[in-house]
Amino acid sequence: MDKFDVIVIGAGHAGCEAALAAARMQAKTLLLTTNLDHIAFMSCNPAIGGLGKGHLVKEIDALGGEMAKNIDATGIQFRVLNMKKGPAVRSTRIQADKIKYAIRMKHVLERQKNLYIRQGIVEKIIVDNGIVLGVEMQWDERFQGKSVIVTTGTFLRGLIHIGLEHFEAGRMGDAPSVGLSFCLKELGFDMGRLKTGTCPRLDGKTIDFSKLEPQYSDDPPKPFSFLTSSINNQRVPCYLGYTNSYTHEAIKSGFDRSPLYTGKIKGTGVRYCPSIEDKIMRFKEKERHRIFIEPEGLDTVEYYPNGLFTSLPLDIQIKMLRTIPGLEYVEITRPGYGIEYDFAYPTQLYPSLETKLIKNLYFAGQINGTTGYEEAAAQGIMAGINAVRKVRGEDIFFLKRDEAYIGVLIDDLVTRGVDEPYRMFTSRAEHRLFLREDNADLRLTEKGYQIGIVDRKRYDKLVEKRQKIEKTHGLLRSVRLKPMKETNQTLKNLGFDAIKNPLTLEELLQKPDVKIAELISIDPRLNDIEEDVAYQVELNVKYRGYIERQNEMVKRTKRLEDIRIPPDLVYRDISGISNEIVERFTKVKPFTLGQASRIPGVTPAAITALMIHFKKTGILR
């Protein structure tokens, strides 16, 4: 039997990041997938990033992951969303050439040292005395592993619905994973059922683009990865269209054959990414809904009508589409469909994503109730890191809510659980002014270097960037402007008010309408500062007051976050805690007092009782 440090089941976005993280940390790693030709395949929309999700991609990159580099190399449209809003909520979204995206990721995986890739279906996880030992394949082949990471996406007992027809599949064209799902249930995991969906694909030759509104790439395009210096890819536009009352009537005409409205689909769907059937029923007051017609690549004529997620019968899908201006004669190349699949309730996990039930077994991605490539990849890299650290006998690596969106994501999952597919939004992060896309490297790359996933060259580049930021701050503080005639004339020429009292360039930059680029005429040395350094300095100066207030908030809660709870703590032995809260603590097994305080239904009095008990027993001094 072949032996590995880490075995990863599934080569979707979670599995790719998990396998690469483990291998880059020098662990002998095996990646198992049902189809080698579908590694990193984009089952749904052909894009990476978006609101909230872009922050996750930047953080994956800062930690040494691959997703950002992969989309930079294969992107065909680049946009930064929310540019009219504050920097905390600006998010990058890049349209992918989906085939090239998958091919490049496969190329990276195949050439990664310490990583072995095999095609096959995992039927069973081998466990002895509550410790994972490896996996058993469909044809009785076995692999021994010190740790196993399950990243099965929608494959666990996947069931596809198109109208009243349904069939078993992990996604269209791929077999489901049935045996593994039953294995997890037999091991004692509490499993549920969720639903997601995808849109029909359209033949671009049958679309009248003159009736649609083009959306062009940003110029110049902004890359995702901090390591990408420039983008030279061929870029193409997406197109914007709208449904109308005829579209909505066409959709309603298929409700009698809709799996959503006839009870065929039992799983809970995505609230924040609903099907078009859900949209017209939940938002009856809306006369139209926006549709983004997105190219699937440079070498295909297929387009993806983002916003038209549906499981309606094929004839209704065609009828619906042909009511939309520009799509009057459209042909479908692949139907849209809904898919149900099993997931494991994520409160069964530690913050490391290791399961509480089986030692050295990790779950990452949609098996934990999330939706989206980016959420999956973020969990994948963290599971890969922690699987290696566990094998080495090292402490777990986890990110706090004030350190990363990844920390918010995982804390939400393991503490609060899910009752519907979880999607990341900037509104979920209470410290989002800290957790901007632009400073992900400053927040996380040093951590990646310390755990051995980021190399020395990249770390040195980070140190150099920090030094340049500090040097620029020093320059702005050192240049002092005096209220002289010449100075005020220069300010007037720049469109600024005259000054009556001396002030530094930093104090001038604090004014809302002043940009650092405009100060070059006052001090030409600023012209030598790189764009990303200047951007950091400007934000630091303009948002200093807000950042300091958030720092105070973090300090007030830090004590709870730093107090670890012994894993073998018996909560029923602690006085002052109700039976209901004992049940909640016992189920979640919080890692820290901070996590305990965020469990739904837990009162401040219960946290106080825990702290008193810790002081009495010497856990807390």
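Any value given below was found using the heavy atoms of this structure, including those in side chains, with hydrogens, waters and symmetry copies removed.
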List the steps, then state whether salt bridge (Lys or Arg N to Asp or Glu O under 4.0 Å) holds for E66 with R24.
CA-CA 11 Å; E66 192 65 29; R24 287 168 177 172; 2.7 Å; yes
Nearest 0.5 Å please: distance from the [atom1] atom of [X] over to the [atom2] atom of [Y].
X    : Y    : atom1 : atom2 : value
I316 : I162 : CD1   : CD1   : 14.0 Å
L156 : C183 : CG    : SG    : 10.5 Å
R235 : L298 : CZ    : CG    : 11.5 Å
M320 : D315 : CE    : CG    : 11.0 Å
L202 : E294 : CG    : CD    : 11.0 Å
I39  : R104 : CD1   : CZ    : 14.0 Å

ring-ring contact (aromatic ring centres under 6.0 Å, His included) involving F41 - partner list, sequence neighbours excluded:
H38
Do [X] and [Y] have side-chain heavy atoms sitting under 4.5 Å apart?
X    : Y    : result
D203 : Y329 : no
I99  : T300 : no
F224 : I94  : yes
T310 : C199 : no
F363 : T355 : yes
L413 : V418 : yes
S217 : P237 : no
Y239 : P214 : yes

Under a 4.0 Å N-O cut-off, is there an ion pair linking [X] with [Y]?
X    : Y    : value
E331 : R201 : no
D412 : R401 : yes
K69  : E17  : no
R322 : E328 : no
E340 : R157 : no

Sidechain-backbone polar pair: [X] side chain, [Y] backbone, donor-acceptor under 3.5 Å:
X    : Y    : result
D174 : A169 : no
T247 : T243 : no
Q348 : D190 : yes
E277 : S311 : yes
E59  : I406 : yes
N386 : L353 : no
N439 : L442 : no
Y373 : C44  : yes
S181 : V178 : no
T33  : Q119 : no

If you count every heavy atom of other residues, nucleotides or ligands that lies below 6.0 Å from [X] atom [atom1], does the total exceed 12?
X    : atom1 : value
Y246 : OH    : no
H166 : NE2   : no
K222 : NZ    : no
E287 : CD    : no
E168 : CD    : no

Which is it for T151 and I367 under the side-chain contact (heavy atoms from CB on, under 4.5 Å) test, yes or no, and what are the steps along the way?
CA-CA 7 Å; T151 69; I367 189 175; over 6 Å; no
Does R288 make a cation-pi contact with Y242, if we ask for NZ or CZ under 6.0 Å from the ring centre and within 45° of the axis?
yes
With a distance cut-off below 6.0 Å to the six-membered ring centre and an angular limit of 45° from the axis, does R428 pair with Y422 as a cation-pi contact?
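R428 over Y422 ring: yes.
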Please determine, by modelled atom types, if N368 and T370 share a side-chain donor-acceptor pair under 3.5 angstrom.
no
Does any donor atom in the side chain of Q366 or T154 lie under 3.5 Å from an acceptor atom in the other side chain?
no
List the atom of [X], the atom of [Y], and the distance in Å for their closest heavy-atom pair.
X    : Y    : result
L32  : V135 : CD1-CG2, 3.8 Å
D72  : F78  : O-CZ, 4.0 Å
I332 : P200 : CD1-CB, 4.1 Å
D438 : F226 : O-CE2, 3.7 Å
A404 : R443 : CA-NH1, 3.6 Å
D402 : L435 : O-CD2, 3.4 Å

Walk me through it: do R257 and E165 pass the test salt bridge (Lys or Arg N to Asp or Glu O under 4.0 Å)?
CA-CA 9 Å; R257 291 184 290 147; E165 301 295 324; over 6 Å; no
So R79 and Q95, side chain to side chain donor-acceptor pair (under 3.5 Å) or not? Walk me through it.
CA-CA 9 Å; R79 296 187 70 200; Q95 197 72 22; over 6 Å; no
Start with the C-alpha gap between L308 and I324, add the side-chain angles, then the distance that decides, and say whether side-chain contact (heavy atoms from CB on, under 4.5 Å) holds.
CA-CA 11 Å; L308 285 179; I324 298 172; 4.0 Å; yes
List the steps, then state whether side-chain contact (heavy atoms from CB on, under 4.5 Å) holds for K185 with L180.
CA-CA 9 Å; K185 289 180 180 179; L180 183 56; over 6 Å; no
Which residue in the set E437, K58, K53 passes side-chain contact (heavy atoms from CB on, under 4.5 Å) when paired with S91?
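The passing option is E437.
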Can you say whether the rings of Y304 and F309 are parallel (under 30°), tilted (30 to 60°) or perpendicular (over 60°)?
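Y304 and F309: perpendicular rings.
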Does the ring centre of F209 sit less than 6.0 Å away from the ring centre of Y303?
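They qualify: ring centres under 6.0 Å apart.
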Looking at the rings of Y345 and F343, which for Trp means the six-membered one, are their centres under 6.0 Å apart?
yes
The test is side-chain contact (heavy atoms from CB on, under 4.5 Å); show your working for Q379 and L409 and say whether it passes.
CA-CA 8 Å; Q379 295 170 71; L409 166 68; 4.0 Å; yes
For a side chain to side chain donor-acceptor pair (under 3.5 Å) check, start with the C-alpha distance between T415 and D411, then their side-chain angles and the critical distance, and finish with the verdict.
CA-CA 6 Å; T415 304; D411 184 66; 3.1 Å; yes
